[in-house]
S.K.: 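Questions regarding the structure given below will be posed in turn.
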Amino acid sequence: MDRTPIFLGLETSCDDTAAAVVRAPAGDGAGPGEVMASVVLGQAELHAAFGGVVPEIAARAHAEKLDLAVEAALGRAGVGLRDLDGIAVTSGPGLIGGLLAGVMLARGLAAATGLPLVGVNHLAAHALTPRLTDGIAFPYLLLLVSGGHAQFLAVEGPGSFRRLGGTIDDAPGEAFDKVAKLLGLPQPGGPAVEACAAAGRAGRFALPRPLLDRPGCELSFSGLKTAVLRARDATVAAAGGLAAADVADLAAGFQAAVVEVLAEKTRRALALAPAPVLAVAGGVAANRAVRAALQAAATAAGARFVAPPPALCTDNGAIVAWAGIERWRAGLADPADLVARPRWPLDAGAPALVGGGRRGAKG
Amino acid sequence: MTAPPATPPAEPAEPAAGAVVLCLPDPAATDRLGAWLAARLGAGDVLLLDGPLGSGKTHLARALIGARRAAAGLPREDVPSPSFTLVQTYDDGAGGIWHADLYRLHGPPEVAELGLADAFGAALCLVEWPDRLGGLAPRDALRLRLAHLPPGAGEGRRAELAAPHPRHAPLLAALAAAAGAIAGS
């Protein structure tokens with residue numbers, strides 16, 4: 001082959017409909033790769049209704065948009081289907097309707113072009129992103145923190161992930177959204193709570209640090225959300241209302257608790273699975289306080305800290321294309337009858353988390 | 001397309017006629033209620049979980065799913081919040097369990113797209129934020145309302161199970177008899 005391989009990546013596992021074209025690094029090196037084009041549809045509706053994310057639940061909605069996304073991605077990248085070396089698609093985990101839309105289009109494209117087809121685990125795509133952006137080598141420790149996920153992964157190869165711990169109830173992004181709701185702040189909650197917290201005193205309200213007293217890397221955010229609610233109601237009952245300063249103090253206290261828990265659990269994960277690099281992925285990684293605390297935890301452990309740009313931390317097709325390239329190079333392409341897997345734990349061998357969600361804080 | 005109502009400090013409403021009211025002083029009591037329901041509900045039953053943010057809806061669903069899987073000899077599995085995924089399904093050795101959170105939806109057409117209406121009558125369905133169901137809520141659905149106690153009254157929860165359909169009358173009677181044991185008193 002006299003040129004580097006190019007993959008199309010499709011992502012429809014949750015809210016967004018996305019397609020991207022990614023060029024692999026020369027040789028069989030780790031990266032970085034080149035994102036030639038990345039199109040994410042669905043963001044325009046993000047400010048409607050519920051105030052945060054409008055779910056694209058319908059397979060039809062994804063299917064209608066996905067053709068357009070693919071066309072736009074190929075156009076912007078300046079390539080045609082004949083220039084591609086493979087088709088990668090998120091085949092799980094996620095909502096079955098969306099997954100089917102992506103998988104069926106990918107199967108059709110692969111059948112029509114004769115290109116290899118690679119089914120990608122959505123979490124694996126996030127986990128491999130630091131190799132796309134920074135070309136880091138295996139192994140490394142990854143903290144994935146988003147609206148739907150929170151887990152520590154030891155990433156040992158393109159298809160080898162060891163889960164060290166994760167949330168036993170809510171994901172941190174969900175906690176940010178719900179706390180924003182409780183405090184009357186706009187959605188999405190992450191940026192709103194962060195901005196509000198800047199003016200607040202984190203120490204005013206005594207909020208819990210869930211699971212900090214237990215060994216290991218498990219996380220819990222549901223009880224923290226409820227504690228914010230309790231503190232809010234107590235303040236309203238005592239003062240007859242909630243002043244702007246109260247909201248800022250509650251936001252600051254909540255964010256400080258999340259930051260402290262994530263930082264301490266990261267220190268424990270680095271001690272459990274020492275790695276030269278700590279990488280972070282997921283939308284919550286865009287929070288500056290979280291980022292700074294993780295950076296400090298990495299530095300203290302002698303590890304380099306890598307945080308991909310926010311556009312590649314949230315859902316997109318580029319990370320799927322990249323994961324497809326990685327799996328394809330490892331000989332892990334899929335048969336033409338690839339199926340969607342709504343439930344697909346990244347580390348299938350791992351037991352359910354200690355507590356299994358049954359001993360967690362209140363939800 | 002309206003935003004969900006903000007959650008006011010909980011003020012327990014008047015119980016529905018024939019409803020059973022329970023006191024859940026701590027998370028362990030919520031677990032016991034989940035396990036109690038797990039042993040008595042099955043394929044075709046729909047349990048609507050009402051209550052403001054943080055009132056324990058997901059916690060109860062988690063306990064119920066864990067108890068059903070344990071009773072069927074299935075390994076323990078994580079039960080993540082379905083707020084972002086909208087629906088999580090679980091094997092329970094029978095018709096399966098659908099755990100849905102409709103918080104992010106806007107009404108019945110989206111619920112239909114989700115396939116939830118098809119699951120009613122086939123699986124055991126646990127539905128959070130069921131107000132989004134509109135007319136799609138089955139007439140024989142059970143409705144469990146969870147509420148915080150008023151500020152100053154402690155960390156516990158108040159639970160109220162209503163079942164308008166006569167086929168659930170024995171269940172309500174049994175729950176009334178078990179209320180003390182579930183509360184841990």
Side-chain angles (χ1 to χ4, degrees), chain A residues 13-15 48-55 57-61 93-97 146-149 166-171 173-174 177-179 181-182 184 187 221-223 225-230 232-234 236-238 342-343 345 351-353 355-363, chain B residues 1-4 6-10 24 26-28 30-31 34 52-63 65-67 69-70 75-91 101-106 109-115 128 148 150-152 155 157:
Chain A
S13 67
C14 194
D15 292 330
F50 154 79
V53 182
V54 176
I57 53 171
R60 187 183 59 243
L95 284 167
I96 184 68
S146 66
H149 301 282
T167 183
I168 63 168
D169 42 55
D170 295 355
E174 175 180 357
D177 280 350
K178 290 186 173 173
V179 163
K181 197 92 205 164
L182 292 173
Q187 301 285 327
F221 296 99
S222 176
K225 166 193 73 187
T226 306
V228 170
L229 171 68
R230 286 289 182 189
R232 180 200 73 172
D233 288 351
V236 170
R343 292 179 70 77
L353 294 175
R358 300 178 69 191
R359 292 188 301 157
K362 297 281 296 177
Chain B
M1 303 276 268
T2 55
T7 52
L24 305 174
D26 52 32
T30 304
D31 288 344
L53 278 183
S55 58
K57 299 181 296 296
T58 306
H59 187 99
L60 183 116
R62 202 170 272 138
I65 292 164
R69 285 182 57 84
R76 196 157 67 186
E77 190 164 9
D78 294 335
V79 179
S81 163
S83 287
F84 269 73
T85 55
L86 308 178
V87 170
Q88 301 273 353
T89 56
Y90 300 89
D91 181 13
D101 182 337
L102 310 184
Y103 187 69
R104 302 199 298 142
L105 302 190
H106 309 109
E110 291 187 340
V111 174
E113 296 275 13
L114 204 54
E128 301 188 36
H148 298 272
E155 288 295 311
R157 302 291 190 273

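Residue numbers start from 1 in every chain, and the chains themselves are labelled A, B, ... in the order their sequence lines are given, proteins ahead of strands.
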S.K.: Nearest 0.5 Å, please: how far is CD in B/E155 from OG1 in A/T226?
M.R.: 8.5 Å
S.K.: A/G148, A/A171, A/G147: which one forms the most heavy-atom pairs within less than 4.5 Å of chain B?
M.R.: A/G147
S.K.: Are any of the side-chain heavy atoms of A/D169 and B/R62 separated by less than 4.5 Å?
M.R.: yes
S.K.: Heavy-atom pairs under 4.5 Å with chain A are the metric here; pick the option from B/I65, B/T89, B/L60, B/V87 that has the most.
M.R.: B/T89
S.K.: Hey, does A/E174 have a side-chain heavy atom less than 4.5 Å from the side chain of B/S81?
M.R.: yes
S.K.: Are the side chains of B/L86 and A/L95 in touch, meaning some heavy atoms are under 4.5 Å apart?
M.R.: yes
